[in-house]
Amino acid sequence: MLKNEFIRASEGIIMNTYKRVPVVFVEGKDCMLIDSEGNKYLDMVGGLAASGMGHSPDFLVEAIMNQAKKLMHVTNYYWNEPQYELAKLLVDNSFGDKVFFCNSGAEANEAALKLARKYGYKMFDTPRYEIVTVSESFHGRTLGTLSATAKESYREGYKPLPEGFKQVPFNDVESLENAVSEKTCAIMFEPLQGEGGLTQVSEAFVNKVNDLAKKQGLLIIVDEIQCGLGRTGAMFAYEQYGIIPDIMSLAKTMAGGFPIGAIVATEKVADAWNPGDHGTTFGGNPLACAAGAATMKEIINQNIPEKVKEDGAYLIQKLQMLKEKYDFVKQVKGKGLMVGLELNFPGDEIVRKAFDKKLIINCTSGKVLRFLPPMVIKKEEIDLFVNTLDQVFQEVN
Ligand SMILES: *Cc1c(COP(=O)(O)O)cnc(C)c1O
């Protein structure tokens with residue numbers, strides 16, 4: 001089938017939930033994607049941070065093939081080895097003591113919300129169930145996680161949504177203090193926001209969150225689905241912002257592009273769950289966990305957080321130069337290899353023009369160009385990226 005024919009046929013039978021670029025990718029290696037016509041692209045979207053170790057890295061292909069030959073799935077009525085191995089890597093490298101596995105980011109956040117509520121009902125004489133979230137947040141598309149997500153347009157047509165959520169402006173200390181009541185069990189936020197436009201949590205907000213957690217026993221839930229696992233230049237973003245979480249949600253990069261999700265929690269919080277309280281058929285299956293363990297080991301062995309810290313600083317410095325050069329660039333945002341450029345006009349045209357030059361970038365929140373390259377990106381590729389973007393900027397200037 002010719003490309004346009006193929007796309008028309010796909011439109012005929014695939015639900016229309018994405019505004020897609022008319023391209024069909026058939027292959028990927030490291031930071032490169034190849035389309036059905038043989039064109040090569042530099043990928044600065046990185047599967048929206050899911051392909052953190054690059055496309056089809058050898059270590060991951062090998063881990064998946066080996067495990068697939070041995071055992072792909074058993075239910076959680078039984079134990080399996082890859083699940084233990086990945087859980088051990090997660091607890092040994094984070095604040096957490098215990099892990100629950102699922103299959104996506106939204107599922108991880110759904111689990112985090114349910115665990116926080118279970119804890120709130122069990123631990124206090126007056127049950128606590130309310131969860132405070134912040135503006136511009138994104139936590140997923142299930143009904144529960146939509147209640148936690150700020151963006152109103154995502155909720156349209158789905159009401160009534162689950163109750164018991166309060167939203168405060170991100171980094172607004174006073175609003176946070178006012179929103180917390182005797183019914184509040186948790187506060188949830190992304191230390192570095194992804195879909196919301198790469199805003200970082202402020203020190204004052206973190207201090208207030210830690211303070212409320214200590215004084216009133218509130219749980220801190222960090223959504224590190226996008227910013228975790230090396231992306232900001234530390235294994236987990238909470239380390240860099242001085243947050244002491246009780247629950248953390250993970251997905252995206254965790255299995256290098258293979259579907260997986262997890263929450264990590266302290267023992268005290270995790271123990272609110274007993275057999276039957278939560279579950280999922282595929283969660284923690286040997287295949288996904290083998291992919292996850294292989295990815296985690298590679299992130300640790302290659303010291304990806306340190307690499308991201310250095311290359312992120314290099315990238316941000318180069319983007320600062322673009323900001324100096326073009327008036328329409330308002331600011332450079334983000335940290336590590338999760339960065340963006342805020343423009344003073346909608347970014348769609350830039351994204352299209354970059355695509356014509358075989359550069360894949362994304363725009364979020366309307367005006368923020370977002371860059372989430374595979375964390376293994378090379379310096380030469382960063383240079384190529386910035387030079388190409390410079391050319392695009394020149395064209396629209
Ligand atoms: C992508 C993302 C989610 C949702 O993950 P899915 O796997 O798409 O369900 C939740 N939170 C954050 C911060 C994300 O970036």
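Counting starts at 1 for both ligands and their atoms, following the listed order. We count residues from 1, following the sequence as given.
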Exercise. Check side chain to side chain donor-acceptor pair (under 3.5 Å) between His278 and all other residues, then give those that pass, not counting sequence neighbours.
Key: Lys114
Self-check item: Side-chain ion pair, Lys268 and Asp97, N-O less than 4.0 Å
Solution: no
Quiz item: With a cut-off of 4.0 Å, which atoms of ligand 1 are near a heavy atom of Asp223?
Solution: 10 (C), 11 (N), 12 (C), 13 (C)
Practice problem: Please determine if Lys159 and Glu152 form a salt bridge, counting it only when a charged side-chain N lies under 4.0 Å from a carboxylate O. | Solution: yes
Self-check item: Nearest option to atom 5 (O) of ligand 1, as decided by whichever heavy atom of Gly105, Ala49, Ala108, Ala148 sits closest
Solution: Gly105
Exercise. Determine, for Arg370 against Glu195, whether the closest basic-nitrogen to carboxylate-oxygen distance falls under 4.0 angstrom.
Key: yes
Quiz item: With a 4.0 Å cut-off on heavy atoms, does Lys252 reach ligand 1?
Solution: yes
Quiz prompt | Nearest-contact summary for atom 3 (C) of ligand 1 - protein heavy atom, Å | solution = Phe138 CE2, 3.6 Å
Exercise. With heavy atoms only and a cut-off of under 4.0 Å, state how Ala251 meets ligand 1: side chain, backbone, both or neither.
Key: neither
Exercise. Taking only heavy atoms of Asn109 into account, list the atoms of ligand 1 that are under 4.0 Å away from them.
Key: 10 (C), 11 (N)
Quiz item: With a cut-off of 4.0 Å, which atoms of ligand 1 are near a heavy atom of Ala106?
Solution: 4 (C), 5 (O), 6 (P), 9 (O)
Exercise. Can you confirm whether something in the protein, heavy atoms only, sits under 4.0 Å from atom 8 (O) of ligand 1?
Key: no
Quiz item: Any N or O on Gln226 sitting closer than 3.5 Å to an N or O of ligand 1?
Solution: yes
Quiz item: Considering only heavy atoms of Glu190, which atoms of ligand 1 have at least one such atom less than 4.0 Å away?
Solution: 13 (C)
Quiz item: Got a salt bridge between Lys297 and Glu85, using NZ or NE/NH1/NH2 to carboxylate O under 4.0 Å?
Solution: yes
Quiz item: Taking the six-membered ring of Tyr314, is the NZ or CZ of Lys379 close enough (under 6.0 Å from the centre) and on axis enough (within 45°)?
Solution: yes
Quiz prompt | Check: Asp35/Tyr41 side-chain N/O donor and acceptor closer than 3.5 Å | solution = yes
